Amino acid sequence: MKNIAVIGAGTMGNGIAHTFAQFGYKVNLIDISEESLDKGMKTISGNLDRMVSKEKISAADKEATLSNITTFTDIPKGVKEIDLVVEAATENEDLKLKIFKQLDENCSAETILASNTSSISITKIASVVSNPERVIGMHFMNPVPIMKLVEIICGYNTSDKVTKSIMELSENLKKVPVEANDYPGFVANRILMPMINEAIETFYNNVAGVKEIDTVMKLGMAHPMGPLQLADFIGLDVCHSILEVMYDGFKNPKYAPCPLLTNMVMAGKLGIKSGEGFYDYSESKKAEKVSSQFS
């Protein structure tokens, strides 16, 4: 398996493309927006520069990595003669189903089709593909070049051969693959998102302030960042979407998004990506200043 296509040049997509390219794979990075592709490549270059400055890689390694990536704005052209496609588009079920229909029409029957979805059913995604045994979940963690975990999600029809191949591929990327079955939220988000939602509920119920809640979890539970800061980092819209998928899948009220989270998403306060969430990022990307609406 040498030729990889990654669909989506956003945070996850460019991170996945970076990782494959760094390990010598030829990568086609695909996005409908030329602007997104340019931004994604700029991000990859900047991340590689940081690795060079820390002496984790050489300048030659950086250039080799970048030379392994080719950009496309057209799925049919970008997935020709590809061994594996990793879809990393927005966490939207309708969009993902549309993309996988296109992949089914334009990829060879042997191409493995993976989704980086963090919550949407792999079985549902595979239902639009003529041979669903080749569809699998490959859920990377953010930031992809740094985080070791990859959740490998097997759909109802995913073949053992495909699962074994993707587990081995993940190890070739120096990642730690962990296999999970196809239920809403899988493992990571089924545990993480209710915790984040409960932290928002705790703030919403005026138990403690933003920084106080995060400090308790960092110092008391040894979390590297507090749950409200983490929600901002992930994107409040992404958190909301995942909670809705779990609520719809389990019909259990404990997964219902907190009203405050819903209102913040509707107001466009999405965290780092919008410049404001529970914290204000207008001056720094670090969660140092609580948003004025909460201070």
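Please read these numbers as outputs of a predicted model, since none were measured by experiment.
- The distance from atom CZ of F72 to atom CD1 of I30, rounded to the nearest 0.5 Å, is 7.0 Å.
- The closest side-chain heavy-atom distance from I136 to I152 is below 4.5 Å.
- With sequence neighbours excluded, the residues satisfying side chain to side chain contact (heavy atoms under 4.5 Å, CB included) with N157 are P132.
- Residue-environment remark: CD1 (I32) stays at or below the threshold of 12 foreign heavy atoms within 6.0 Å.
- Among residues two or more places apart in sequence or in another chain, the side-chain hydrogen bond (donor to acceptor under 3.5 Å, both in side chains) test is passed with N131 by R134.
- The minimum heavy-atom distance between L29 and G13, with the atom names listed, is CD1-O, 4.1 Å.
- Here the straight-line distance linking atom OG of S291 with atom CG of D280 works out to 6.0 Å at 0.5 Å rounding.
- Across every non-hydrogen atom of A256 and N197, the tightest pair is O-ND2, 2.9 Å.
- Shortest non-hydrogen contact noted between T262 and H240 is OG1-NE2, 2.9 Å.
- Atom CD1 of residue I82 and atom CD1 of residue I112 lie 12.5 Å apart, to the nearest 0.5 angstrom.
- For the atom pair CG of L192 and CD1 of I234, the computed distance is 5.0 Å after rounding to the nearest 0.5 Å.
- Ring pair Y255/Y247: centre-to-centre distance not below 6.0 Å.
- T73 and E34 share no donor-acceptor pair across their side chains, judged by distance under 3.5 Å alone.
- Every pair passing side chain to side chain donor-acceptor pair (under 3.5 Å) that includes a residue from residues 79-100 is listed here, sequence neighbours excluded: E87-K96, E87-S115, E91-T117, E91-S118, E91-S119, E93-K124.
- Scanning all heavy atoms of the two residues, the minimum distance from T71 to M41 falls at CG2-CG, 3.9 Å.
- N28 is linked by a side-chain hydrogen bond (donor to acceptor under 3.5 Å, both in side chains) to nothing, counting only residues two or more places apart in sequence or in another chain.
- In this structure, the separation between OG1 on T19 and CD1 on I146 is 9.5 Å, given to the nearest 0.5 Å.
- Judged purely by distance below 3.5 Å, without hydrogens or angles, the side chains of D182 and T123 pair a donor atom with an acceptor atom.
- Residues forming a side-chain hydrogen bond (donor to acceptor under 3.5 Å, both in side chains) with S108 (at least two apart in sequence, or on another chain): T111.
- Across every non-hydrogen atom of V27 and V6, the tightest pair is CG1-CG2, 4.0 Å.
- Other cluster members for I191: V187, joined by side-chain heavy-atom distances under 4.5 Å among Ile, Leu, Val, Met, Phe, Trp and Tyr.
- At a threshold of 4.5 Å between side-chain heavy atoms, the hydrophobic network of Ile, Leu, Val, Met, Phe, Trp and Tyr places V144 and L230 in two separate groups.
- Applying the side-chain hydrogen bond (donor to acceptor under 3.5 Å, both in side chains) rule to S127 yields no partners; only residues at least two apart in sequence or on another chain are considered.
- Annotation: the span from L37 atom CG to N14 atom CG amounts to 10.0 Å, rounded to 0.5 Å.
- With sequence neighbours excluded, no residue forms a ring-ring contact (aromatic ring centres under 6.0 Å, His included) with F233.
- Figure legend: cation-pi geometry between K174 and F23 absent, as NZ or CZ is not positioned both under 6.0 Å from the six-membered ring centre and within 45° of its axis.
- Closest non-hydrogen pair, V245 versus P184, comes out as O-CB, 4.3 Å.
- Counting only N and O atoms by type, the side chains of D31 and S33 include no donor and acceptor under 3.5 Å apart.
- Shown here are the ring-ring contact (aromatic ring centres under 6.0 Å, His included) partners of Y279, two or more places apart in sequence or in another chain: there are none.
- Within a 6.0 Å sphere centred on NZ of K286, other residues, nucleotides and ligands contribute 12 heavy atoms or fewer.
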>> Checking S165 against M1 for the side chain to side chain contact (heavy atoms under 4.5 Å, CB included) test, could you report, in this order, the C-alpha distance in whole Å, the side-chain angles of both residues, the deciding distance, and whether it holds?
In response: CA-CA 9 Å; S165 178; M1 199 180 295; 3.2 Å; yes
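- Ring centroids of Y183 and F250 are separated by 6.0 Å or more, keeping the two rings apart.
- The pair D237-K273 meets the salt-bridge criterion, with a side-chain N (NZ, NE, NH1 or NH2) lying under 4.0 Å from an Asp/Glu carboxylate O.
- Screening Q22, K26, E63 for a side chain to side chain donor-acceptor pair (under 3.5 Å) with N68, the sole residue that qualifies is K26.
- Judged as a side chain to side chain contact (heavy atoms under 4.5 Å, CB included), and not counting sequence neighbours, the contacts of D49 are S45, K62.
- A side chain to side chain donor-acceptor pair (under 3.5 Å) check over residues 142-156, counting only residues at least two apart or in different chains, returns the pairs H139-E151.
- Two different hydrophobic clusters hold V86 and I99 under the rule that ILVMFWY side chains link at heavy-atom gaps under 4.5 Å.
- Counting only N and O atoms by type, the side chains of T65 and H18 include no donor and acceptor under 3.5 Å apart.
- Using a cut-off of 4.0 Å between Lys/Arg side-chain N and Asp/Glu carboxylate O, E168 and K164 are scored as salt-bridged.
- Between the side chains of D160 and T163, no donor-acceptor pair is found at a separation under 3.5 Å.
- Partners of Y281 under the ring-ring contact (aromatic ring centres under 6.0 Å, His included) rule, at least two apart in sequence or in another chain, do not exist in this structure.
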